[in-house]
Amino acid sequence: MGFSLDLRARIVDSIEAKLGKEMRLNYVPVNSSNRIPLIQNGTVDIECGGTANNKTRQQQVSFSVATFVSQPRWLVLARNDLKGADDLKTVVATQGSNAVGFAQALSAQGMDLNIAQAKDHAESFLMLTSGRTVAFMEDDILLAGLRAAAPDPSALIFLPEAYDRIYYGLMFTKGGAEFKAVVDDTLKGLMASGEFTAIYDQWFTQPIPPRNENLDFAMGEALKERVANPSDAVE
């Protein structure tokens, strides 16, 4: 279940209408290591997860128009009354995450941060909530998920600053122009009709079963731009 799978369902409907027959679906679990090889060797026709589109990957596979945009941001404790990134000093990012490089670049550009590196996101989050650091940098949607699962989500807020733009899309075999056209035309239709935004709101702004956690993550301006002007381009 999930946002990308709901989009996939609409794409399957379009393909079935085009073929004039019902398809039998086979769900294949993938991970970050095998998802691209399984697309390349034809085991998987379309991957519906949280895969970032970038120029390196575009040499190996194809992507739909962007279905999500994430940005590295700072999550902080509301009680500390921090107004922006200029108020930060001791921060945390997860070892091996792209956020480490973003934080280091910001520090080199004049923020002069003391950057701790935790072994995983859970430890980074604990360092923030226990007061050992004042901010946790990571992709905003990952932070929203951690915040939603916290005992008191309202105790955690985002600072206004956002950095870079990471575009996500549905991934499929490179070179399949006809298949890409069906995928993109379906998504563009959903975006134009408003159904895409309704599906987004269902998953990102309302309680999600079975735990009824609410990501409280309204569509950002970067994604709104892509809904208004669908594209698979990356910056």
Side-chain angles (χ1 to χ4, degrees), residues 1-72 93-102 119-121 138-142 144-145 163-191 195-196 199-200 203-204 220 222-223 225-227 229-235:
M1 60 188 293
F3 175 63
S4 293
L5 286 175
D6 279 3
L7 298 179
R8 184 271 315 155
R10 305 313 194 273
I11 292 166
V12 168
D13 290 344
S14 296
I15 295 172
E16 289 180 338
K18 190 175 182 67
L19 296 176
K21 63 179 181 180
E22 186 175 341
M23 296 193 304
R24 185 177 66 183
L25 301 181
N26 180 29
Y27 293 92
V28 179
V30 300
N31 57 44
S32 58
S33 298
N34 67 16
R35 57 189 173 183
I36 289 178
L38 289 176
I39 288 286
Q40 290 178 307
N41 67 23
T43 301
V44 172
D45 294 306
I46 185 167
E47 188 252 1
C48 307
T51 301
N53 179 3
N54 58 46
K55 292 181 179 179
T56 300
R57 287 175 175 165
Q58 285 181 358
Q59 297 174 8
Q60 303 172 294
V61 295
S62 288
F63 286 89
S64 69
V65 296
T67 56
F68 195 84
V69 186
S70 70
Q71 296 181 269
T94 303
Q95 187 176 11
S97 166
N98 289 335
V100 174
F102 284 122
K119 68 177 185 297
D120 55 30
H121 292 329
E138 187 46 73
D139 286 358
D140 49 13
I141 187 56
L142 295 177
Y163 309 95
D164 206 2
R165 290 185 177 185
I166 303 166
Y167 295 93
Y168 295 78
L170 308 185
M171 181 172 62
F172 40 88
T173 306
K174 188 174 178 65
E178 187 176 6
F179 185 75
K180 178 172 171 56
V182 173
V183 172
D184 283 351
D185 288 349
T186 302
L187 293 173
K188 290 176 182 178
L190 294 174
M191 291 173 177
E195 187 175 357
F196 180 93
I199 297 170
Y200 181 98
W203 288 103
F204 295 101
L223 182 53
E225 291 174 12
R226 286 301 175 97
V227 171
N229 302 285
S231 171
D232 63 0
V234 294
E235 296 176 351

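Computed from heavy atoms alone, side chains included, the values below leave out hydrogens, waters and symmetry copies. We're numbering straight along the sequence, starting at 1.
- Counting only heavy atoms from C-beta outward, the side chains of F3 and R8 never approach each other to under 4.5 Å.
- Looking at I141 and F204, their side chains come closer than 4.5 Å, going by heavy atoms from C-beta outward.
- Closest approach of G175 to S62, counting heavy atoms only: N-OG, 3.7 Å.
- Among residues two or more places apart in sequence or in another chain, the salt bridge (Lys or Arg N to Asp or Glu O under 4.0 Å) test is passed with D139 by none.
- Under the 4.5 Å side-chain criterion, counting only non-hydrogen atoms from C-beta, V69 is not in contact with I166.
- For the pair T173 and V61, the minimum side-chain heavy-atom distance is 4.5 Å or more.
- For the pair I15/V12, no side-chain contact is recorded, criterion being any heavy-atom separation below 4.5 Å from C-beta on.
- By the 4.5 Å heavy-atom criterion applied to side chains, R226 and S231 are counted as neighbours.
- Between the side chain of Q71 and the backbone N or O of R165 there is no donor-acceptor pair closer than 3.5 Å.
- In this structure the side chain of F172 reaches within 4.5 angstrom of the side chain of K180, judged on heavy atoms.
- Y200 and F68 have parallel rings, their planes meeting at less than 30° on a 0 to 90° scale where 60° marks the start of perpendicular.
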For residues 38-54, dump all side-chain donor-acceptor pairs below 3.5 Å to protein atoms at least two apart in sequence or in another chain.
from: N41; atom 1: OD1; to: T43; atom 2: N; distance (Å): 2.9
from: N41; atom 1: OD1; to: T43; atom 2: OG1; distance (Å): 2.7
from: N41; atom 1: ND2; to: P37; atom 2: O; distance (Å): 3.4
from: E47; atom 1: OE1; to: T51; atom 2: OG1; distance (Å): 2.8
from: E47; atom 1: OE2; to: T51; atom 2: OG1; distance (Å): 2.9
from: T51; atom 1: OG1; to: R35; atom 2: NH1; distance (Å): 3.1
from: N53; atom 1: OD1; to: Q58; atom 2: NE2; distance (Å): 3.0
from: N53; atom 1: ND2; to: D232; atom 2: O; distance (Å): 3.0
from: N54; atom 1: OD1; to: T56; atom 2: N; distance (Å): 3.2
from: N54; atom 1: OD1; to: R57; atom 2: N; distance (Å): 2.8

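- Side-chain contact between M191 and V65: present, with at least one pair of heavy atoms (C-beta onward) separated by less than 4.5 Å.
- Under a 3.5 Å cut-off, the side chain of D184 and the backbone N or O of S64 do not form any donor-acceptor pair.
- Across every non-hydrogen atom of E138 and S97, the tightest pair is OE1-OG, 2.7 Å.
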Could you pull out all donor-acceptor pairs under 3.5 Å where a side-chain atom in residues 16-25 meets a protein atom, sequence neighbours excluded?
from: E16; atom 1: OE2; to: M23; atom 2: N; distance (Å): 2.9

Is there a side chain to side chain contact (heavy atoms under 4.5 Å, CB included) between L7 and I199? Walk through the geometry before answering. CA-CA 8 Å; L7 298 179; I199 297 170; 4.2 Å; yes

